[in-house]
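To find a chain, count down the sequence lines: A is the first, B the second, and so on, and within it residues start at 1. Source: prediction; values computed, not measured. Worth knowing before you read on, the calculation uses all heavy atoms, side chains too, and leaves out hydrogens, waters and symmetry mates.
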Amino acid sequence: MASLSTPTAFLGTPSPIDGISPADRLGLVRAMVLSRVLERACCELNPRWFPAEGEEAVIAGAFYGLRPDDVAAPHYRGPFLAYAMRGASLSRLVAQSIGRATGYARGRALGFTGPADLGFVPWVAGDLGTTIGVATGCALGFHYEGSDRVVVCTFGDGTTNRGDFHEALNLAAVWKLPIVYVCQHNQYSISLHSSQVLPIESVAARAPAYGMPGVGLDGNDVFAIHEAMRDAVARARDGRGPTLVEARTYRLGGHWASDPGGYRHPEDEDRWRQRDPVPRALADLVDAGIIDASGVESIWEEARDVVSRAVALAQAAPEPGAMDLGASEALAASGRDDRQRDPRTGPPAGADAWRE
Amino acid sequence: MASLSTPTAFLGTPSPIDGISPADRLGLVRAMVLSRVLERACCELNPRWFPAEGEEAVIAGAFYGLRPDDVAAPHYRGPFLAYAMRGASLSRLVAQSIGRATGYARGRALGFTGPADLGFVPWVAGDLGTTIGVATGCALGFHYEGSDRVVVCTFGDGTTNRGDFHEALNLAAVWKLPIVYVCQHNQYSISLHSSQVLPIESVAARAPAYGMPGVGLDGNDVFAIHEAMRDAVARARDGRGPTLVEARTYRLGGHWASDPGGYRHPEDEDRWRQRDPVPRALADLVDAGIIDASGVESIWEEARDVVSRAVALAQAAPEPGAMDLGASEALAASGRDDRQRDPRTGPPAGADAWRE
Amino acid sequence: MARMSFVEGLVEGMRHEMRRDPDVFLMGQDVGKMGGAMGGSRGLIEEFGGHRVRETPISESAMVGAAVGAALVGKRPIVEISFGEFLPTCMSQVVLQAANLHYMTAGALTVPMVLRTRVGDGPYRGHPQCFEAWFAHVPGLRVLMPSTAADARDAMVAAIRDPNPVLFFEHMWLYHGVREDVPDEVGSFDLDRAAVRRPGSDVTVAATGWMVHKALEAARLLEPEGIDIEVIDLRTLAPLDLDTVAASVRKTSRLVVAHEAWKVGGIGAEVTAAIAESCFYDLAAPPVRIGAPHFPLPMTKPLRDAFIPSVEDVIDAVKRVRAA
Amino acid sequence: MARMSFVEGLVEGMRHEMRRDPDVFLMGQDVGKMGGAMGGSRGLIEEFGGHRVRETPISESAMVGAAVGAALVGKRPIVEISFGEFLPTCMSQVVLQAANLHYMTAGALTVPMVLRTRVGDGPYRGHPQCFEAWFAHVPGLRVLMPSTAADARDAMVAAIRDPNPVLFFEHMWLYHGVREDVPDEVGSFDLDRAAVRRPGSDVTVAATGWMVHKALEAARLLEPEGIDIEVIDLRTLAPLDLDTVAASVRKTSRLVVAHEAWKVGGIGAEVTAAIAESCFYDLAAPPVRIGAPHFPLPMTKPLRDAFIPSVEDVIDAVKRVRAA
Ligand SMILES: Cc1ncc(C[n+]2csc(CCOP(=O)(O)OP(=O)(O)O)c2C)c(N)n1
Ligand SMILES: Cc1ncc(C[n+]2csc(CCOP(=O)(O)OP(=O)(O)O)c2C)c(N)n1
Ligand SMILES: [Mg+2]
Ligand SMILES: [Mg+2]
């Protein structure tokens with residue numbers, strides 16, 4: 001695992017692409033493309049969608065390859081890719097984003113919540129940071145049962161200023177819990193640049209406060225991120241405790257789809273647009289001879305196709321009705337709910353994100 | 001200012017006694033002796049008192065020499081010395097500790113709260129950590145008004161695990177507020193040794209998470225602490241922002257006076273008793289030729305005398321009565337309360353802690 | 001007379017006090033260049049600069065703590081928690097610090113701060129939680145919830161001047177409603193008084209926030225049926241002005257209490273209980289409470305619409321309380 | 001029959017479930033070697049070890065978050081917040097996460113956790129705050145406050161087995177009271193039912209925690225005067241068992257509600273309002289609420305004694321409600 005890097009090292013890390021198999025490299029990049037297309041569709045359908053454009057490398061790199069029995073707690077920005085990589089139906093996700101009854105929460109929860117039964121910490125309220133504590137609790141459950149399941153939890157740079165970030169990482173460090181914390185550092189909290197609200201450049205510098213390894217990475221290099229995650233996940237699985245990974249990227253879109261902006265320099269946006277992680281990752285694949293130019297085109301084609309089918313299905317789905325409002329489901333007084341599913345089978349999670 | 005020290009450096013720091021004037025050295029040590037005697041009296045009077053025995057160097061070193069217009073936010077363990085150094089009446093403090101009507105809060109607040117009108121963040125509830133945020137707010141007020149007033153805020157090692165610690169230090173760092181944070185690291189949170197609940201040895205290691213200087217000190221060396229505090233306070237006064245100072249000491253008594261203990265090794269307690277900061281500081285004075293053996297004795301005598309008079313007065317004071325219960329004082333709708341008093345006069349605060 | 005929307009009233013109230021008193025400042029997330037969530041501080045940074053309109057990290061507890069501390073040393077901070085849904089993240093600063101300081105210091109200190117926050121259903125449906133009942137339960141706090149543009153301005157001014165910590169709840173649905181006539185002069189807002197928005201003789205409807213407007217709409221719809229509602233805007237939720245409600249009930253003999261928060265344990269419980277205690281013999285029929293049903297607040301429009309009390313719910317309740 | 005104090009009942013309930021179910025564990029500050037604040041977990045670490053009786057850092061929000069997460073993956077955590085006074089530091093985990101998860105996932109997840117905490121006046125006077133009304137306002141939570149040793153044990157067992165997040169309030173004054181006879185077998189505690197502690201015909205007194213005992217003492221003192229009180233232990237504060245209260249009021253026609261928390265906005269407001277709504281015509285006199293006066297909780301014994309509702313306050317209220 002890379003050690004704590006200084007901020008200036010961010011873009012200098014050489015991509016460790018060689019450590020990842022060609023199939024997984026392809027899987028990672030296909031996931032990024034899917035996210036790009038899916039997110040754009042959500043933005044078009046819902047002006048209040050929170051676009052993850054530009055941040056795909058972090059999301060793909062963080063969640064790719066988790067076991068189905070692991071738990072993922074994705075940040076609210078861009079979680080659909082994480083859901084899709086672990087088996088969610090694209091059309092139900094799009095339905096969720098536009099509030100249809102076929103969404104995973106029957107219209108009850110926020111548009112970016114996910115399929116809780118696929119091993120996610122779902123978004124059930126809007127308070128940022130609190131889910132880091134819940135994710136840490138899932139890791140406590142795994143540690144308690146002595147299993148080798150792990151949790152991967154992502155969050156924004158701004159969210160690391162919340163007290164709940166501190167308390168959760170501290171607790172995980174004290175108990176050496178099997179969790180990897182990933183800061184999806186896009187340099188913004190709504191309209192505020194991180195230099196206005198974060199007193200440090202690198203969030204990885206918060207790791208030593210917990211005696212935890214901190215890893216600062218180029219957040220636009222999906223292979224570097226995934227390589228670091230493999231190490232950190234292995235570390236967690238082995239009982240060696242938590243890691244804080246920081247992936248520094250840039251929010252290419254607005255805070256929400258219809259954000260009028262105006263609080264940042266167009267030159268900055270242009271500069272980061274040049275570093276767009278999606279074409280960069282595709283180019284890496286071409287350079288490595290894994291695909292050729294027509295392969296690139298067909299990945300995009302496929303993504304557009306699968307997403308447009310999902311959109312059509314979602315749009316055809318009904319709005320939630322009174323039935324979906326419901327009272328809280330009746331709970332048998334002594335009912336137990338064994339929701340652990342059997343793990344360790346099939347291809348790496350994330351490789352089949354494209355269903356439907 | 002010393003830079004971030006490694007934990008093993010704690011007891012190796014040479015005492016910078018030469019940087020402090022003989023009069024101030026005497027003042028610091030007299031304050032420690034007063035605290036020792038006063039705390040023991042409180043423990044005898046109130047089995048639920050939280051004894052600060054062993055931690056006097058941190059308290060004296062942290063609060064000695066503040067200006068009257070600065071704000072002090074002492075930890076709940078041992079705050080009476082801080083109050084006394086800034087002008088509180090000893091008998092009213094003892095009255096406070098045993099719940100008499102002449103205590104500063106008329107019997108309303110906790111026994112360890114202090115005279116709010118002498119520039120303290122008072123204890124008005126029992127939740128640890130929250131006052132760090134309030135103290136930071138006082139620093140914001142000073143920063144906002146462009147004055148050179150500062151805040152000194154102390155808290156326990158266990159309290160640094162609270163989210164409020166994180167949020168407050170972060171905010172102070174972002175805004176470069178004039179505040180010095182001092183961790184009175186006594187290695188315990190009630191029955192728990194810090195190794196059970198703190199994932200790091202040195203709390204000063206939390207400072208870089210805020211891009212703030214962190215100073216790790218021998219908490220039983222009052223001169224080293226005060227020297228570091230002078231630097232940190234000067235830094236805050238100059239608008240150069242906050243500092244986190246960690247003073248590593250040991251709680252020689254129980255969590256409360258009647259604590260049956262049983263959760264730590266007697267050898268440990270003995271070892272730390274050998275390092276008792278009070279005789280050590282007195283010996284330093286003798287070594288430096290500031291006082292002789294009889295001077296030591298008369299400091300103790302004087303302290304016993306002044307405290308026993310305070311105890312007698314406090315015990316003669318009435319219990320609070322229905323009048324003190326009151327409803328909340330009527331507040332004039334537009335009443336302003338200018339409680340800033342004029343600064344920069346008289347001897348260093350703390351030198352006259354013995355009144356009455 | 002100026003014409004102002006609710007949010008313009010809020011901003012005007014802050015501007016008025018910031019001009020008058022250099023100790024008044026605002027802090028919150030995105031309150032500067034962006035103009036605040038939903039335009040809630042639009043124009044202030046341009047006039048007062050970044051020193052007095054301060055951007056904060058996402059750290060609600062530190063933000064409120066910062067306001068408490070600044071207030072203790074003589075400032076008049078307004079701290080903005082973007083949405084009431086985030087109040088659970090900073091309860092100890094509000095409830096254990098701000099609320100206690102005056103009493104516990106036997107009057108030595110005051111905490112002249114305003115905590116403003118957005119609540120209720122809104123055009124974007126986000127963060128709609130209504131927790132005002134929690135704060136009304138806690139001694140030492142004032143709780144306000146204006147429902148008109150004039151009150152938004154004048155209550156803000158009064159809140160800033162008040163030496164108590166004030167929780168100021170701004171209903172999102174009202175933010176960008178139609179502009180109302182607002183007197184040019186800032187009025188003196190009585191922090192202890194509810195407002196009778198429509199006098200009536202048959203049924204007292206005491207309501208909060210958006211529900212005040214729904215109650216007025218219900219009144220309009222019921223008029224042709226000869227039913228004459230008195231609509232009270234509770235607006236000062238702590239201390240509650242029960243005198244105004246009691247006076248109305250003594251006249252109408254019938255009480256409906258309506259709010260958007262959950263019915264169980266809401267402000268309506270206190271109003272209803274207090275009136276049952278004090279006006280038992282004046283009541284001709286059982287009082288009726290209207291509030292949200294007892295399950296979590298759903299997010300999508302169809303469910304939200306089914307969840308939140310409506311004009312029809314008010315009409316129903318009025319008819320029930322008259323039939324009884 | 002065993003003889004048990006209240007705190008022994010609590011510990012016995014946890015022990016019983018920890019023996020039965022390996023997924024049950026306890027975490028909190030000083031719950032191990034020290035035996036918990038006021039002996040609240042005495043003996044558990046000796047039997048179950050540090051893996052199942054876990055010491056935590058001072059980080060209440062993370063502690064509750066840890067319980068929520070562990071519950072989501074199938075464990076049955078008991079998280080101890082040493083004192084209810086600290087609940088304001090972890091409200092978002094309780095109210096926004098624990099309470100919402102089941103509903104918002106359309107039933108996919110449950111959160112079988114217990115949050116236990118100590119409240120009320122106690123022998124040491126520390127940390128007495130009573131915030132239970134906040135949680136009763138929030139859908140998705142169960143709130144329990146037992147008042148007997150048998151209930152302490154049996155309610156704890158039921159709470160641990162319940163798939164809902166349960167807030168379990170332990171009154172400190174009751175902790176080390178006299179030992180009571182407690183059946184050897186763990187009883188089935190009905191999480192939806194209040195308990196009639198003393199049948200009576202003249203006045204219904206619905207009370208919580210320590211006030212139940214004060215009400216029973218008031219009943220004893222009033223008996224010679226020929227006044228026969230029915231004392232109801234509300235004990236399941238959410239969902240509240242209003243049926244039991246209503247049935248009693250239908251019999252007695254008179255209602256007193258008594259709790260130690262602040263009267264304004266307390267549980268008593270909900271009970272009183274709900275009964276005023278549903279049993280208006282059964283009531284022969286205005287209901288009376290007893291609770292703490294509306295100022296912060298003072299710390300010293302004389303003030304605390306003046307502040308907290310007493311047996312005399314109950315007697316007074318009973319006489320008032322009979323005279324009316
Ligand atoms: C506790 C809390 N405070 C404030 C908000 C409002 N809010 C929503 S998104 C956002 C910005 C979050 O920034 P960051 O964590 O960096 O994530 P990003 O949006 O950049 O992905 C804020 C402040 C919130 N949701 N929760
Ligand atoms: C938020 C909160 N949690 C728990 C407690 C209970 N408590 C009182 S003192 C104490 C230990 C504090 O440890 P530390 O901060 O190291 O201070 P010390 O007692 O060692 O001086 C605890 C846990 C509290 N007062 N506040
Ligand atoms: Mg960000
Ligand atoms: Mg300590």
Looking only at heavy atoms, what is the nearest atom pair of [X] and [Y], with distance?
X: Ala269(C); Y: Ala273(D); value: O-CB, 3.6 Å
X: Pro298(D); Y: Tyr103(C); value: CB-OH, 4.0 Å
X: Ala276(D); Y: Pro286(C); value: O-CB, 3.7 Å
X: Phe280(D); Y: Pro287(C); value: CD1-CD, 4.1 Å

Donor-acceptor under 3.5 Å (His137(D) side chain, Val264(C) main chain): yes
Tyr281(C), OH: over 12 other non-hydrogen atoms inside 6.0 angstrom: yes
Could you tell me which of [options] has the largest number of non-hydrogen atom pairs under 4.5 Å with chain D?
options: Cys90(C), Ala136(C), Gly265(C); value: Gly265(C)
options: Gly266(C), Pro293(C), Ala285(C); value: Ala285(C)
options: Met299(C), Met91(C), Glu277(C); value: Glu277(C)

Heavy-atom contact with chain D under 4.5 Å, split by part of Val321(C): neither
Which atoms of [X] are under 4.5 Å from chain C, going by heavy atoms: the side chain, the backbone, both sets, or neither?
X: Ala99(D); answer: backbone
X: Ala238(D); answer: neither
X: Leu297(D); answer: backbone
X: Ala274(D); answer: both
X: Val94(D); answer: neither
X: Phe86(D); answer: neither
X: Glu85(D); answer: both

Heavy-atom side-chain proximity of Trp134(C) to Val95(D) below 4.5 angstrom: yes
When Leu87(D), Val271(D), Val288(D), Val138(D) are compared by non-hydrogen pairs under 4.5 Å with chain C, the top option: Val138(D)
Straight-line distance of [X] [atom1] to [Y] [atom2], nearest 0.5 Å:
X: Leu96(D); Y: Gln129(C); atom1: CG; atom2: CD; answer: 6.0 Å
X: His102(C); Y: Phe295(D); atom1: NE2; atom2: CZ; answer: 12.5 Å
X: Thr272(D); Y: Ile275(C); atom1: OG1; atom2: CD1; answer: 13.0 Å

N-O pairing of Arg289(D) and Glu270(C) below 4.0 Å: yes
